[in-house]
Every structure is written in structure tokens, then in C-alpha cells.
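Following: one structure in C-alpha cells, then a few remarks.
Keep in mind that this is a model prediction, so the values were computed, not measured.
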Number of protein chains: 2
Amino acid sequence: MGPLFRKSKQRKIILGALSEMKTHPTAQELFARVRETDPEVGQATVYRNLRILKEQGEIIELSFGAGARRYDRNVARHEHFTCRRCGTIEDIYPDTRSLTGSLHKKGYRVDEMKIEAFGVCRKCAKKIKSNR
Amino acid sequence: MGPLFRKSKQRKIILGALSEMKTHPTAQELFARVRETDPEVGQATVYRNLRILKEQGEIIELSFGAGARRYDRNVARHEHFTCRRCGTIEDIYPDTRSLTGSLHKKGYRVDEMKIEAFGVCRKCAKKIKSNR
DNA sequence: ATATCTGCAAATCATTTGCGAATTG
DNA sequence: CAATTCGCAAATGATTTGCAGATAT
């Protein structure tokens with residue numbers, strides 16, 4: 001079987017910091033955040049632990065288009081909406097059954113489906129409306 | 001307005017090579033392919049032209065999870081299915097209207113939706129079946 | 001003519017790895 | 001104690017950029 005994972009001090013710090021951030025941070029953003037309170041934590045430690053936590057199913061790894069990967073403490077099945085105006089990434093919970101269903105009918109075995117939506121979020125849409 | 005794009009020899013070579021490849025290649029894969037016939041083309045030229053061709057809407061840029069970006073000459077609206085067994089990336093054309101519709105109802109303005117499906121493709125599914 | 005483009009090499013950005021020391025169970 | 005993890009620095013992989021010379025319109 002695989003290696004035995006320990007509850008290292010750093011692993012707890014990193015998971016704790018990610019839990020507090022609602023912004024779906026990149027490894028670098030999380031590293032910066034961790035450094036604020038624990039300046040002795042190394043950057044490789046952050047990357048290594050993100051990989052381990054992902055393998056353990058404690059967190060999810062995201063990658064929106066190009067650029068750095070992002071991490072998410074919300075492990076429930078969900079998708080993301082990125083606002084082009086304010087940059088916020090919101091969790092969304094679309095019903096994907098008809099999508100996977102039609103693929104199954106065509107002979108595909110689907111075990112994962114990733115959906116990313118882009119546009120203007122509800123908050124920004126309201127602002128735009130009131131400004132005219 | 002923006003810059004005037006020219007039809008450089010290299011740009012044509014790169015677009016031509018991508019047109020012939022049905023594999024959704026990375027910039028490096030495309031670079032290697034171009035080098036086979038035109039060894040004088042530089043790697044920066046490939047990257048630069050991929051960006052320009054994308055801006056012009058001649059090609060599409062994809063990024064599946066982590067790893068290098070991939071490029072696609074098929075600019076029609078479509079999505080992708082990646083087979084975990086043979087690695088092939090197939091074009092799929094799912095109906096996304098109900099998905100965008102329900103987001104619109106919730107107040108989001110959706111201008112783009114990206115879907116990536118993963119699993120076992122039809123060809124591999126058949127092979128697995130016949131092997132037992 | 002001159003804005004655009006090229007090839008090369010060096011720079012940048014995100015991430016991984018080697019290693020000897022420290023920590024966890 | 002022995003497996004695991006750490007921090008650091010160097011390595012890697014993907015992509016971008018600076019620049020002087022070449023090219024397209």
C-alpha cells in the first residue's frame with residue numbers, strides 16, 4: 001500500500017490557511033498567506049502538502065484555462081463561475097445528469113466532468129444595471 | 001486600433017501544421033512537427049504565432065487540468081473528452097443550453113462555458129468488453 | 001519606408017526534486 | 001528508531017521577452 005501520512009505541523013497550518021481563504025488561491029497565494037503567520041514554512045512544503053492533501057481527498061485542485069493551479073477546500077462535487085469583471089470565482093452546483101447521460105448513450109464511460117463558466121457575476125450585473 | 005497582422009511565411013507553416021494534426025498538440029509538439037520540415041523556425045516564433053492566431057480567432061487554446069496548453073484548429077463551438085486509457089482527446093458537441101439557461105435564471109451573465117469530460121472513450125470501452 | 005516579424009538566448013513563472021537535518025508515530 | 005517530512009537551493013518545464021537583423025505591405 002501507499003505511504004503513511006503523518007499530521008505534521010506544517011500540513012495542519014497549510015490546510016487551516018486554505019480553509020480560511022474563500023478565494024480559491026494558487027499555491028503561491030497560499031504560500032504568501034502562510035508566511036504571514038509562519039515565516040519558517042518553505043515553499044516546497046506548500047507544494048508538497050497540496051499534492052498530498054489532494055491525494056488524500058482533503059482538497060481539490062482546479063485549473064482555469066492557463067496559469068497557475070488553484071486549490072479548494074470544498075470537496076463536494078461542484079463547478080466554478082469566474083467573473084470577468086471582479087475576478088471572483090464562485091462555486092456553482094449545476095445539474096450535469098443530462099450531459100453525462102447523453103455521453104453514456106453514445107458509448108463513452110464518463111468518470112469525471114469539469115465545467116467552467118465565465119461571464120459577469122450577479123453582484124457585478126446589478127452594479128452595471130444601477131449605473132445606467 | 002490593434003496592430004496589423006501580416007501573413008508571414010512562418011505563420012502559414014504553423015497554421016498549416018496545426019491543421020494537419022488531429023491530436024490537439026501542445027506548442028512543443030507543434031514546434032517539433034514544424035521542425036521536421038522547416039528546421040529554421042524558432043520556438044519563440046511558434047509560441048508568438050499561436051498567441052496571434054488565437055487573438056485572430058483562427059485557432060482555439062485548450063488547457064486540460066494542469067500541464068501544457070493545447071491548440072485546436074477547430075474553432076466551431078465544441079468541448080472535449082479525454083480518454084484516460086489511450087490519451088486521445090475527442091471533440092464532442094454537447095447541448096449546453098439548459099446549463100447556461102439555469103445560470104441566467106439565477107442572475108449570472110454567461111458568455112463562455114468550458115466543459116471537459118474524462119473517462120474511457122468508445123473505442124477503448126469496446127476493447128475492454130471484448131477482452132473479458 | 002517602416003511596422004511587423006524572426007531567431008536566438010536569456011529571463012520569468014510555476015512547480016518539482018535532491019539532500020542532509022528535523023520531526024512524528 | 002525508522003519512516004516521513006522539512007527547508008533550502010538548484011533543477012525542470014512551459015512560456016515570454018529583449019534585441020538586432022530580416023521581411024511583408
Side-chain angles (χ1 to χ4, degrees), chain A residues 1-18 21 23-56 58-72 87 89, chain B residues 1-18 21 23-56 58-72 87 89:
Chain A
M1 46 172 161
L4 304 164
F5 293 117
R6 292 174 175 175
K7 293 170 202 152
S8 78
K9 183 182 146 205
Q10 289 85 340
R11 184 118 73 232
K12 286 178 210 159
I13 290 173
I14 290 164
L15 186 57
L18 179 59
M21 297 174 80
T23 56
H24 307 83
T26 63
Q28 288 297 328
E29 288 165 354
L30 184 56
F31 174 50
R33 170 64 165 264
V34 166
R35 279 274 180 154
E36 284 173 22
T37 51
D38 303 83
E40 76 287 359
V41 174
Q43 130 168 307
T45 302
V46 173
Y47 279 98
R48 267 189 293 243
N49 278 292
L50 286 172
R51 187 167 44 68
I52 290 171
L53 289 167
K54 177 179 54 163
E55 281 168 26
Q56 292 184 131
E58 292 285 333
I59 65 173
I60 287 176
E61 186 181 77
L62 317 170
S63 39
F64 299 99
R69 301 169 204 178
R70 296 182 168 276
Y71 295 88
D72 193 342
I89 299 170
Chain B
M1 47 174 162
L4 303 164
F5 293 118
R6 293 173 176 175
K7 293 170 202 149
S8 79
K9 184 182 145 201
Q10 288 86 340
R11 185 119 73 231
K12 287 179 210 161
I13 291 172
I14 291 165
L15 186 56
L18 179 59
M21 298 174 79
T23 55
H24 307 83
T26 63
Q28 288 297 328
E29 288 165 354
L30 184 56
F31 174 51
R33 170 64 165 265
V34 165
R35 279 274 180 158
E36 285 173 22
T37 51
D38 303 83
E40 78 286 0
V41 174
Q43 132 168 305
T45 301
V46 172
Y47 280 98
R48 268 189 293 241
N49 278 292
L50 286 172
R51 186 167 43 69
I52 291 171
L53 288 166
K54 177 179 51 161
E55 282 169 23
Q56 293 184 128
E58 292 285 331
I59 65 174
I60 288 175
E61 186 181 79
L62 317 169
S63 39
F64 300 98
R69 300 168 205 180
R70 296 182 168 274
Y71 295 89
D72 193 342
I89 299 170

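- Going from atom CD1 of Ile52(A) over to atom P of dT15(C) covers 16 Å, rounded to whole Å.
- Across the protein-nucleic acid pair, Asn49(A) atom CG and dT15(C) atom P stand 15 Å apart, rounded to whole Å.
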- For Gln28(A) and Gln43(A), run side-chain contact (heavy atoms from CB on, under 4.5 Å): C-alpha distance rounded to whole Å, both residues' side-chain angles, the deciding distance at 0.1 Å, then the answer. CA-CA 8 Å; Gln28(A) 288 297 328; Gln43(A) 130 168 307; 3.0 Å; yes

- Could you walk me through whether Lys9(B) and Glu40(B) pass the salt bridge (charged side-chain N to carboxylate O under 4.0 Å, His left out) check? CA-CA 12 Å; Lys9(B) 184 182 145 201; Glu40(B) 78 286 0; 3.8 Å; yes

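- Distance, Asp38(B) CG to dC5(C) P: 19 Å, rounded to whole Å.
- Without hydrogens or angle criteria, Arg69(A) side chain to Glu61(A) main chain gives no donor-acceptor distance under 3.5 Å.
- Contact check for Thr45(A) versus Ile14(A): side-chain heavy atoms found under the 4.5 Å cut-off.
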- Query: Reading nucleotides 15-25 of chain D 5' to 3', which nucleotides get B (base under 4.0 Å from a protein heavy atom), which S (sugar-phosphate only), which -?
  - Reply: BBBB----BBS

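- At a threshold of 4.0 Å, the pair Glu29(A)-Arg33(A) does not count as salt-bridged, since none of the basic side-chain nitrogens sits closer than that to a carboxylate oxygen.
- Between Glu55(B) atom CD and dT4(C) atom C1' the separation is 14 Å, expressed in whole Å.
- Atom CZ in Phe31(B) sits about 11 Å away from atom C1' in dC8(C), given to the nearest Å.
- Across the protein-nucleic acid pair, Glu40(A) atom CD and dA22(C) atom C1' stand 13 Å apart, rounded to whole Å.
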- Task: Would you check, one step at a time, whether the test side-chain contact (heavy atoms from CB on, under 4.5 Å) holds for Leu50(B) with Leu30(B)?
- Result: CA-CA 10 Å; Leu50(B) 286 172; Leu30(B) 184 56; 3.7 Å; yes

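- When the C1' atom of dA3(C) is taken as reference, atom CZ of Arg11(B) falls 13 Å away, rounded to whole Å.
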